[in-house]
Visitor: 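One structure follows; several queries about it will come next.
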Amino acid sequence: MKRLLQQMAVLFLSLCLAFFLWCPALAAGEGQPFLLSPETEEAGETETETPGEAKPQPAAQEGAQTADLGLTARSAVLMEASTGTVIYEKNADEALRPASITKIMTLILIFDAIRDGRISMDDQVTTSAYAKSMGGSQVFLEEGESQTVETLIKCIVIASGNDAAVTMAEYIAGSESEFVRMMNERAKALGMSQTTFEDCCGLTDSATHLTSARDVAVMSRELITNYPEIENYSTIWMENITHVTNKGSSEFCLSNTNKLLKMSNSFTVTGLKTGSTSLAKYCLSATAKKDGVELIAVVMAAPDYKVRFSEAASLLNYGFAGCRLFRDNDEAREALPKIPVAMGVASEAALRYGGDFSYLGMNGEDFSAVERTVTLPETLTAPVAEGDIVGNLTYTLNGTTLGAVDILAAEAVEAAGYRDYLKWMWEEMMLAEQG
């Protein structure tokens, strides 16, 4: 019996070897994995999407923009932060002077530098003569005065200090002009098509230092979603800092320019930045939270000081009255099974979801009725790369598709070669002999 098994094994090995010699491309492991079911590929749903990206929600945007809120500001946008859905807009893409709202991008670059380890909150930063010379809103830093990065962030966020903004720009980039180049590069990467920065603080009332309400909402979203710690500073109403110079030490009170923080509201104000010059008029990017929803209200070129706050509050009240946000993540989802892999060095591969999912409803939807449907092929064909899209998780509500999240391979599986097959057959032979 053992002799017969050995002869059969030798015959099978010979056939395998002949097969791989006849198909050199397959023997080299050049086959492609079967990633999606034919129905999904035919629909073209994954050709231009990034893994984990939710499908767009045009219905939510179109229905909300028809409201007449009676705004007197020249331009305005209301955006939901987690999805980036625009709920309301008025002249959203008109290029206007942003004044100190410019500092939102300055703050993004500061927090980028902290995240990347190029600077730290405790670094001591020295003010130059040029930074001290900034007019407008300032915290009266002296030439040669040192403050920590964290203190300068407070000066920028709370008191809108132009001198503090330039001090940080010089510290990060060596000069304000180089920092401005970085600002414009970051804006371009975010798709801020109406934006050109000429300084880091908005003091320049140049006809070409421009942005739009939509672009301001985009960069505000970038700041609050990537660096939620900004809320620790943008919600401070008043705080003292200490100036230490050759003349001695003195206390200076930072007072928040965002008066929306102290207004009576049905929502929680979390920031973000004011701005005004004689030509830009009165601008505001206001952020707020309520019932798990975070909104960004941008008002530009409001006619007076108080209107920017009242109209931002109107936008936020309008948004919170109708918005319902559905969120889903790995904690709430079912665990994914391993999927079989054909012609690979491993017989199966682990899977993972491509990211969290958010959907913004504007019509009081009952999200408890949301249905989840996992679509996966029966098997994959090696090679499989980690991160390959192999299926999707689709969300539907009352028969309407809300969106989907990609399902990805969580590990790589290389294609098996003839040596792998020889090894496996040899192991089978040894087991047969031992039996």
Side-chain angles (χ1 to χ4, degrees), residues 54 56-105 108 183-184 186-197 202 206-225 258 260 271-277 279-288 293-304 307-323 325 358 360-362:
Q57 305 171 45
Q61 288 185 245
E62 290 171 5
Q65 292 173 13
T66 58
D68 181 10
L69 301 184
L71 301 184
T72 59
R74 186 164 174 176
S75 177
V77 160
L78 180 65
M79 177 183 286
E80 194 279 318
S82 69
T83 62
T85 302
V86 173
I87 302 165
Y88 174 91
E89 64 178 74
K90 174 186 177 182
N91 300 328
D93 297 309
E94 183 177 357
L96 298 168
R97 292 175 171 87
S100 281
I101 289 182
T102 299
K103 295 185 178 81
I104 294 172
M105 182 57 76
I108 290 173
M183 291 171 68
N184 285 313
R186 192 74 156 84
K188 183 178 180 181
L190 289 172
M192 296 168 58
S193 58
Q194 302 301 316
T195 299
T196 303
F197 295 117
S206 165
T208 51
H209 182 93
L210 301 169
T211 190
S212 67
R214 192 187 308 279
D215 285 359
V216 172
V218 167
M219 69 175 175
S220 299
R221 180 183 181 229
E222 177 75 2
L223 179 60
I224 66 175
T225 56
N258 183 7
L260 199 61
L272 181 64
K273 193 71 201 71
T274 61
S276 64
T277 65
L279 295 178
K281 297 186 179 178
Y282 296 93
C283 306
L284 173 66
S285 178
T287 56
V293 177
E294 186 168 20
L295 299 180
I296 302 163
V298 178
V299 173
M300 297 191 72
D304 64 53
V307 164
R308 64 176 165 182
F309 296 119
S310 62
E311 294 194 349
S314 295
L315 283 167
L316 292 168
N317 280 320
Y318 168 72
F320 287 125
C323 287
L325 187 63
S358 296
L360 184 68
M362 292 296 298

Visitor: What's the separation between atom CZ in R74 and atom CG in L96, rounded to the nearest 0.5 Å?
Guide: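 Answer for the CZ-CG pair, R74 versus L96, is 5.5 Å.
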Visitor: Starting from the C-alpha separation in whole Å, work towards a yes-or-no answer on side-chain contact (heavy atoms from CB on, under 4.5 Å) for L295 and I87.
Guide: CA-CA 9 Å; L295 299 180; I87 302 165; 3.7 Å; yes
Visitor: Quick one: pull up OG1 in T287 and CG in L272 and give me the separation to the nearest 0.5 Å.
Guide: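 The OG1 atom of T287 sits 5.0 Å away from the CG atom of L272.
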Visitor: Considering only heavy atoms from C-beta outward, does the side chain of R186 approach that of E222 to under 4.5 Å?
Guide: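 R186 reaches E222 side chain to side chain.
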Visitor: Just do the side-chain contact (heavy atoms from CB on, under 4.5 Å) check on S276 and K281 with the steps written out, would you?
Guide: CA-CA 5 Å; S276 64; K281 297 186 179 178; over 6 Å; no
Visitor: Is there a side-chain contact between T196 and T208, using heavy atoms and a 4.5 Å cut-off?
Guide: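 T196 does not reach T208 side chain to side chain.
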Visitor: Quick one: pull up CG in L360 and OG1 in T85 and give me the separation to the nearest 0.5 Å.
Guide: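 That separation rounds to 5.0 Å.
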Visitor: Checking S100 now: which residues fulfil side chain to side chain donor-acceptor pair (under 3.5 Å) with it, not counting sequence neighbours?
Guide: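 Counting only residues at least two positions away or on another chain, S100 forms a side chain to side chain donor-acceptor pair (under 3.5 Å) with K103, S160.
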Visitor: Does any pair with a residue in residues 294-304 pass salt bridge (charged side-chain N to carboxylate O under 4.0 Å, His left out), and if so which ones, sequence neighbours excluded?
Guide: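 Checked against salt bridge (charged side-chain N to carboxylate O under 4.0 Å, His left out) - neighbours excluded - no pair reaches residues 294-304.
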Visitor: Within the 4.5 Å heavy-atom criterion, are L315 and L71 side-chain neighbours or not?
Guide: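 Yes, their side chains come closer than 4.5 Å.
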Visitor: Please report the interatomic distance SG(C323) to OH(Y318), rounded to the nearest 0.5 Å.
Guide: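 C323 SG to Y318 OH: 8.5 Å, rounded to 0.5 Å.
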Visitor: Out of curiosity, I101 CD1 to C283 SG, how far, rounded to the nearest 0.5 Å?
Guide: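 Here the interatomic distance stands at 4.5 Å.
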Visitor: Evaluate the side-chain proximity of L190 to M105: yes if any heavy-atom separation is below 4.5 Å, no if none is.
Guide: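 With C-beta onward as the side chain, the pair touches.
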Visitor: Pair M183, T102 - check side-chain contact (heavy atoms from CB on, under 4.5 Å), show working.
Guide: CA-CA 10 Å; M183 291 171 68; T102 299; 3.7 Å; yes
Visitor: Got a sec, which residues hit side chain to side chain donor-acceptor pair (under 3.5 Å) with T72, two or more places apart in sequence or on another chain?
Guide: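 Once residues adjacent in sequence are excluded, the partners of T72 under the side chain to side chain donor-acceptor pair (under 3.5 Å) criterion are E311.
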Visitor: Under the rule for side chain to side chain donor-acceptor pair (under 3.5 Å), what residues qualify as partners of T195, not counting sequence neighbours?
Guide: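 T195: side chain to side chain donor-acceptor pair (under 3.5 Å) contacts with T211, D215.
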Visitor: Check whether any side-chain heavy atom of S75 sits under 4.5 Å from a side-chain heavy atom of K90, and report yes or no.
Guide: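 The answer is no; the side chains never approach within 4.5 Å.
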Visitor: Nearest 0.5 Å please: distance from the OG atom of S285 over to the CZ atom of R308.
Guide: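 Separation between the atoms: 12.0 Å.
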Visitor: Any sub-3.5 Å donor-acceptor pair from R221's side-chain atoms to S82's backbone N or O?
Guide: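 A pair under 3.5 Å: yes.
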Visitor: So L284 and K273, do their side chains get closer than 4.5 Å, heavy atoms only?
Guide: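 They are not in side-chain contact.
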Visitor: Does R214 reach the main-chain N or O of E89 with its side chain, forming a donor-acceptor pair under 3.5 Å?
Guide: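 Not at all, since once roles are kept as given, no pair shorter than 3.5 Å links the two residues.
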Visitor: For F320, which residues count as a ring pair (Phe, Tyr, Trp, His ring centres under 6.0 Å) partner, sequence neighbours excluded?
Guide: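 For F320 the ring pair (Phe, Tyr, Trp, His ring centres under 6.0 Å) partners, ignoring immediate neighbours, are F267.
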Visitor: My understanding is that only residues two or more places apart in sequence, or in another chain, count here; which of them pass side chain to side chain donor-acceptor pair (under 3.5 Å) with Q194?
Guide: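 Residues passing side chain to side chain donor-acceptor pair (under 3.5 Å) with Q194: none at all.
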Visitor: Using the side-chain contact (heavy atoms from CB on, under 4.5 Å) rule, take M79 and S220 through it: C-alpha gap first, then chi angles, then the decisive distance, then the call.
Guide: CA-CA 10 Å; M79 177 183 286; S220 299; over 6 Å; no
